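Bear in mind the structure is a predicted one, so any value in this text is a computation, not a measurement. Numbers restart at 1 for each chain; the letters A, B, ... are given by sequence-line order, proteins then strands.
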Amino acid sequence: MSSKQFNLEEEQKRLVLERFKTLRPESKILLGSYGEITVNELIKHIENKNDPFGKKIIQVQIKMLKILASGVQ
Amino acid sequence: MVKRFLITRPNHDVNTSYLHDFSRGIVKTIKETKSMHITDLEGLKATRYNLENCLTKENPGLVFLNGHGDKKSVGGYKTEVILDEKNVHLTKNMIVYALSCDSLEDLGEISIQKGTKAYVGYKAKFMIMHDPTRENTPDKDKNALPFKKACFALINSLVSGLTVSRAIELTKKEYLHSIRTYGTSEDDPYGDTPLIRFALTWDLEFLDMCGDPEACFN
């Protein structure tokens with residue numbers, strides 16, 4: 001992995017973390033057999049460097065931002 | 001010829017109560033359609049025994065499973081595993097739509113190897129953003145409405161006889177529409193809109209299929 005790619009990932013992670021920190025920490029999402037997951041727990045997954053679930057959260061949040069940036073259709 | 005549709009929809013905890021509510025619309029639609037027969041394994045009838053029995057005796061063209069799941073199985077009432085590698089061969093030549101977590105990942109692929117025409121599902125956990133004050137009345141939960149709309153779009157498209165790939169395409173459009181427009185004209189006293197959009201994008205991202213994209217319920 002090049003240092004440029006690494007920086008992009010770090011930048012995306014920072015952006016996603018900042019966005020989640022603006023939400024109510026106790027807000028919950030239903031997550032199948034896992035039960036519920038709070039915003040605080042989502043943040044912990046993102047902060048954990050080797051957490052596959054955290055990586056998926058970042059991937060999805062970036063996708064959401066791209067969808068919103070592409071405008072209402 | 002009457003088209004045969006089979007649905008499992010347990011209703012024993014918060015998650016399954018939401019999926020159960022999401023399925024009401026399509027059950028009502030099919031019950032009012034003379035050219036279709038529905039087998040409704042609702043609540044405690046959503047067992048492995050009943051599913052196997054109905055798959056074998058009724059040979060439905062479309063199987064809609066609602067419940068908990070993981071990479072290798074889908075659950076029924078009280079999370080009994082009702083479909084896994086050992087009995088998925090019973091869905092040979094059928095279209096399966098599993099509204100549950102993860103099952104497309106492994107079980108979907110295995111089902112196709114064993115003859116299932118197409119398997120639609122999610123490659124990760126299925127997320128629903130809900131209003132905790134509405135847990136006992138999911139039908140009145142505004143937060144859950146865009147999730148309900150997307151789930152209905154998919155099963156309604158399949159029931160209508162569209163191909164699996166077209167049904168997924170229309171559902172993804174529904175997700176995109178909700179992501180772009182949710183909260184722009186709605187009250188949002190708890191500031192949940194960003195999280196609702198995130199959960200919708202999650203479900204959009206991990207909805208997929210394996211098998212024949214041109215398969216349709218006929």
Side-chain angles (χ1 to χ4, degrees), chain A residues 1 5-73, chain B residues 13-19 66-70 73-75 79 81 99-103 122-132 135 138 141 143-144 147 172-173 175-185 189-206:
Chain A
M1 186 185 289
Q5 282 174 318
F6 177 77
N7 286 339
L8 177 63
E9 283 179 15
E10 282 300 307
E11 197 60 29
Q12 288 180 337
K13 179 177 172 177
R14 191 186 62 76
L15 173 67
V16 171
L17 269 175
E18 288 304 318
R19 288 185 62 88
F20 272 96
K21 284 176 182 173
T22 66
L23 305 177
R24 283 191 310 151
E26 68 275 17
S27 286
K28 293 171 186 170
I29 291 176
L30 290 178
L31 198 62
S33 50
Y34 189 89
E36 296 175 328
I37 189 163
T38 64
V39 167
N40 255 349
E41 288 168 322
L42 289 169
I43 288 171
K44 281 178 190 162
H45 281 286
I46 298 166
E47 286 174 336
N48 188 347
K49 206 171 183 179
N50 298 313
D51 186 330
F53 186 60
K55 287 185 190 301
K56 280 183 183 172
I57 296 169
I58 296 170
Q59 169 198 334
V60 168
Q61 183 77 353
I62 294 297
K63 177 165 185 160
M64 185 199 81
L65 293 173
K66 286 179 179 172
I67 291 169
L68 292 175
S70 68
V72 177
Q73 289 180 353
Chain B
D13 59 19
V14 175
N15 278 280
T16 53
S17 73
Y18 273 83
L19 300 186
N66 295 268
H68 292 296
D70 57 36
S73 68
V74 178
T79 67
V81 170
L99 182 48
S100 64
C101 298
D102 293 310
S103 75
Y122 288 84
K123 284 192 167 177
K125 301 285 182 200
F126 180 71
M127 288 188 176
I128 303 169
M129 180 65 195
H130 76 310
D131 176 352
E135 281 183 0
D141 188 335
N143 283 357
F147 300 88
K172 293 203 168 197
K173 278 187 181 170
Y175 273 125
L176 284 168
H177 175 76
S178 290
I179 292 162
R180 288 179 174 130
T181 59
Y182 191 85
T184 52
S185 59
Y190 304 115
D192 286 331
T193 295
L195 211 51
I196 291 168
R197 285 180 171 149
F198 165 75
L200 287 167
T201 311
W202 180 279
D203 294 336
L204 164 73
E205 179 75 359
F206 296 110

- [ ] Would you mind checking which part of A:L23 comes under 4.5 Å of any heavy atom in chain B, side chain (CB onward), backbone (N, CA, C, O), both or neither?
- [x] side chain
Task: A:R24 atom CZ: more than 12 heavy-atom contacts under 6.0 Å - done: yes
Open item on the list: Would you say the rings of B:F147 and B:Y18 are close, in the sense that their centroids are separated by under 6.0 Å?
Closed with: no
Open item on the list: Heavy-atom cut-off 4.5 Å, strictly under: side chain, backbone, both or neither for B:L204 against chain A?
Closed with: side chain
TODO: Examine distances only and state if a side-chain atom of B:D141 and a backbone atom of B:D131 form a donor-acceptor pair shorter than 3.5 Å.
DONE: yes
Open item on the list: Counting heavy-atom pairs closer than 4.5 Å to chain B, which one of A:L65, A:T22, A:V60, A:L42 comes out on top?
Closed with: A:V60
Task: Contacting region of B:F126 [heavy-atom separation from chain A under 4.5 Å] - done: backbone
- [ ] Just give me the residue among B:D13, B:T16, B:L19, B:N15 that pairs up with chain A most often, heavy atom to heavy atom, under 4.5 Å.
- [x] B:N15
Side-chain atoms of residues 50-58 of chain A: list all donor-acceptor pairs with protein atoms under 3.5 Å, sequence neighbours left out, distances to 0.1 Å.
unit_1, atom_1, unit_2, atom_2, d
A:D51, OD1, A:F53, N, 2.8
A:D51, OD1, A:G54, N, 3.1
A:D51, OD2, A:H45, ND1, 2.5
A:K55, NZ, A:K49, O, 3.2

Task: More than 12 heavy atoms of other groups within 6.0 Å of A:K28 NZ - done: no
